[in-house]
Amino acid sequence: MRLRISCRIVPLRLFLRFNMFNKRVKIKELLTWEPGNQEVTIMGWVRTFRNNQFIAVNDGSTNTNLQVLLELGKYDDDFLKRITTSAALKITGTVIPSPGKGQKLELKATSVEILGDSDPEKYPLQPKKHSLEFLREIAHLRFRTNTFGSVFRVRHALAYAIHKFFNDKGFLYLHTPIISASDAEGAGELFRVTTLPFENFPKNEDGTVNFKEDFFGRSTNLTVSGQLEGELAATAFSDIYTFGPTFRAENSNTARHLAEFWMIEPEMAFYDLEDNMNLAEEFIRYIIQHAMDHNREDLEFLAQRLEDEEKQLPQDKRSGMNLMDKLEFILKNSFERISYSEAIEILKESNHNKKKKFQFPISGWGMDLQSEHERYLVEKHFKKPVILNNYPKEIKAFYMRQNDDGKTVAAMDILVPGIGEIVGGSQREERLDKLEQRMKDMHIPEKDLWWYLDIRRYGTVPHSGFGLGFERMVQFVTGMTNIRDVIAFPRTPGNAEF
RNA sequence: UCCUGCUUAGCUCAGUUGGUUAGAGCAUCUGACUGUUAAUCAGAGGGUCGCUGGUUCAAGUCCAGCAGCAGGAGCCA
């Protein structure tokens, strides 16, 4: 019975609603108009309702609310009581100049329709400051705050700029597999992908799991990198990039790690390390410029937010530079490029080291740099982004190209203030014999990567690439200090809500 | 995973050397006011003090274990 009724009613309602949605104007656009009694329809959610007369409406197109004016006495009290924080409204009215301060125009309502009520006794967001920790617990609603509105609009702008940058340079956007049988770095914890039953999984005679019985007939996991596959495509298309989700099952509980994050991995044939660094630097500058050009209002809001937050901090914990100034600085100044060897010298000779202020003292050439060392170089010594390059081969991955000195590889990491490593890349080893030797030394089974080695057999060329952690980039541009606040629904150890 | 810290109203927090009925601001509700800008003013309701156990005449306060969260470290992007 119910079904039959809705069958008759739904198509008509759908038709009406379709028209209704088409006619509405987004608030961001409306705010640019010259008020001249134009009749428009807007839709959005109530941010605040003042004086039984002024509704601040937001539709997510901008942080600036539209002020809607209700004529006093036109609506009964029961209706006005339903105009609560986050109620969804459809309002038709005329655009008039605003006599009040704070906005040049407002919408004088001729009709107000409540599309969705919001119970004020239960709705958790209030027109006041909330802690980011609290908002993380209500990630489904935090989009409705100014901070997260700005963060996610900037995130979108950066994602768009990334595609535009590479597209305009003739790069091919390659979709590499999410399910992978190889562990690209030869290290790192993996999320296993399987359809085998939890109990009584098939075993080999020696008691190990028989993955031949598994869905893919072998052990598989979620990808930790698309790089190796990217190299395959780069040796056909010359320049490719990937932009997709990446998974690490490490039990990392920090403000800069996620179990699921997005990574951009360009891979270029006929690029040496120098070309690679040039591209990475141009790339970072381009996407920041794009956000500055298209999301200035959001960035200025975030800059102000950061400034207010830093006022609460003790002097030594403040960044000392406004977010906008910091971004401008990146655009105008080239990154510092130094070799690992030079970095060790600088650190060794630093007063910081001589006064034994490093928790991990500089033991000498060959040691892996700790984050306190990287922070010293970036935040204290150079006070700008640093591209560290030519690391000792012992502390880097097998696929990195060996330099003629026999000690180092053509690797590069880009370190930025506040975040640390944002890019890791290298020129790849294109010489088959050198690569095979390195794989033997590092106990990486050749049989799993026969296809990777094939590329070195048939028309091998010098090539390079890098990986950029997207969320870390968003952190850097928005100034958000916790990576969980720049991804919609963060996945971290012990947390996969929403 | 390790170290440190935190957990009190819907939110943000105060709570003295352990002491009788646990407070504030905001939010919510009721009323007033009406060109407001997180409106304002008056009033009201709202608490298993994270959980479990212990010490004590007496525990929000001291001790232990557990959980959750945060910051730092490692791993990395």
Side-chain angles (χ1 to χ4, degrees), chain A residues 46-56 64-73 77 80-81 84-85 96-103 106 108 118-138 145-146 184-185 187-189 224-227 245-265 280 312-313 317 358-360 368-372 374-375 395-397 413-416 419-425 466-476 481-487 492-495 497:
Chain A
V46 176
R47 280 291 172 85
T48 63
F49 184 31
R50 290 182 291 266
N51 248 357
N52 266 2
Q53 203 180 171
F54 303 100
I55 316 173
T64 312
N65 300 324
L66 175 69
Q67 173 153 291
V68 173
L69 175 68
L70 302 188
E71 276 176 76
L72 282 169
D77 282 357
L80 292 175
K81 271 180 193 154
T84 57
T85 307
I96 57 168
S98 177
K101 286 174 192 160
Q103 61 279 317
E106 62 194 24
K108 188 175 178 187
S118 173
D119 184 348
E121 301 245 29
K122 291 179 185 151
Y123 186 65
L125 284 174
Q126 304 151 21
K128 61 164 268 187
K129 276 225 166 78
H130 287 289
S131 67
L132 295 172
E133 291 81 14
F134 171 67
L135 292 172
R136 236 170 265 155
E137 292 169 16
I138 49 166
T145 64
N146 283 336
E185 309 282 335
E189 294 294 313
V224 293
S225 166
Q227 180 201 316
T246 311
F247 307 88
R248 305 272 165 92
E250 265 122 31
N251 192 8
S252 300
N253 249 302
T254 80
R256 55 187 189 285
H257 286 89
L258 290 165
E260 177 183 284
F261 63 99
W262 289 67
M263 188 154 67
I264 296 100
E265 294 181 291
Q312 316 289 321
L313 295 173
K317 292 243 173 114
F358 285 124
Q359 194 192 330
F360 297 89
D368 209 348
L369 295 179
Q370 305 291 324
S371 60
E372 61 170 340
E374 296 180 347
R375 290 185 73 140
I395 59 174
K396 286 292 179 184
D413 285 354
I414 301 184
L415 313 171
V416 296
I419 314 284
E421 186 178 344
I422 201 166
V423 161
F466 61 85
L468 176 132
F470 184 52
E471 281 76 15
R472 288 189 183 174
M473 191 68 218
V474 180
Q475 269 190 281
F476 183 69
T481 50
N482 195 311
I483 201 166
R484 292 161 206 185
D485 298 328
V486 298
I487 189 166
T492 51
N495 195 347
E497 190 70 59

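Residue numbering restarts at 1 for every chain, and letters A, B, ... go by the order of the sequence lines.
Across all strands shown, A/Ser131 has heavy atoms under 4.0 Å from sugar-phosphate atoms exclusively, and none from any base. Counting non-hydrogen atoms under 4.0 angstrom, A/His130 reaches the backbone sugars and phosphates but no base. Using a 4.0 Å heavy-atom distance criterion, A/Lys122 is classed as making no nucleic acid contact. Nucleic acid contact class of A/Ser371 (heavy atoms, under 4.0 Å, all strands): sugar-phosphate only. Within the 4.0 angstrom heavy-atom criterion, no nucleotide atom of any strand lies near A/Asn65.
The salt bridge (Lys or Arg N to Asp or Glu O under 4.0 Å) search around A/Arg256 returns none, not counting sequence neighbours. Considering only residues two or more places apart in sequence or on other chains, A/Ser371 meets the side chain to side chain donor-acceptor pair (under 3.5 Å) condition with none of them. Residues forming a side chain to side chain donor-acceptor pair (under 3.5 Å) with A/Glu471 (at least two apart in sequence, or on another chain): A/Arg155. Residues satisfying the salt bridge (Lys or Arg N to Asp or Glu O under 4.0 Å) criterion with A/Lys396, sequence neighbours excluded, are A/Asp413. The side chain to side chain contact (heavy atoms under 4.5 Å, CB included) search around A/Gln370 returns A/Phe360, A/Glu372, A/His373, not counting sequence neighbours. Applying the side chain to side chain donor-acceptor pair (under 3.5 Å) test to A/Thr145 and every residue at least two apart in sequence or in another chain returns nothing. Annotation: side chain to side chain donor-acceptor pair (under 3.5 Å) contacts of A/Asp77 (sequence neighbours excluded): none.
Set against B/G35, B/G74, B/A38, the side chain of A/Gln370 has B/G74 as its closest nucleotide.
When rounded to the nearest whole Å, the span between CG of A/Leu125 and P of B/C11 equals 12 Å. Straight-line distance from the CD1 atom of A/Ile483 to the P atom of B/G71: 12 Å, rounded to whole Å.
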- Query: For RNA chain B, what string of dots and brackets results from 5' to 3' when Watson-Crick and G-U pairs need both distances under 3.5 Å, crossing pairs get [ ], and pairs with another strand get |?
  - Reply: (((((((..((((.....[...)))).(((((.......))))).....(((((..]....))))))))))))....

Where do N or O atoms of nucleotides 65-69 of chain B meet protein N or O atoms at under 3.5 Å, pair by pair?
none

Check nucleotides 6-8 of chain B for protein N or O atoms closer than 3.5 Å to its own N or O atoms and list the pairs.
none

Nucleotide N/O to protein N/O under 3.5 Å, stretch nucleotides 39-48 of chain B:
unit_1, atom_1, unit_2, atom_2, d
B/A39, OP2, A/Thr48, OG1, 2.9
B/A39, OP2, A/Arg50, NH1, 2.7
B/A39, N6, A/Asn51, OD1, 3.0
B/A39, N1, A/Asn51, OD1, 3.3

I'd like a list of close polar pairs between nucleotides 30-32 of chain B and the protein, N/O only, cut-off under 3.5 Å.
none

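Remark: ring of A/Phe261 stacked against base of B/A77; centroid gap under 5.5 Å, plane tilt under 30°.
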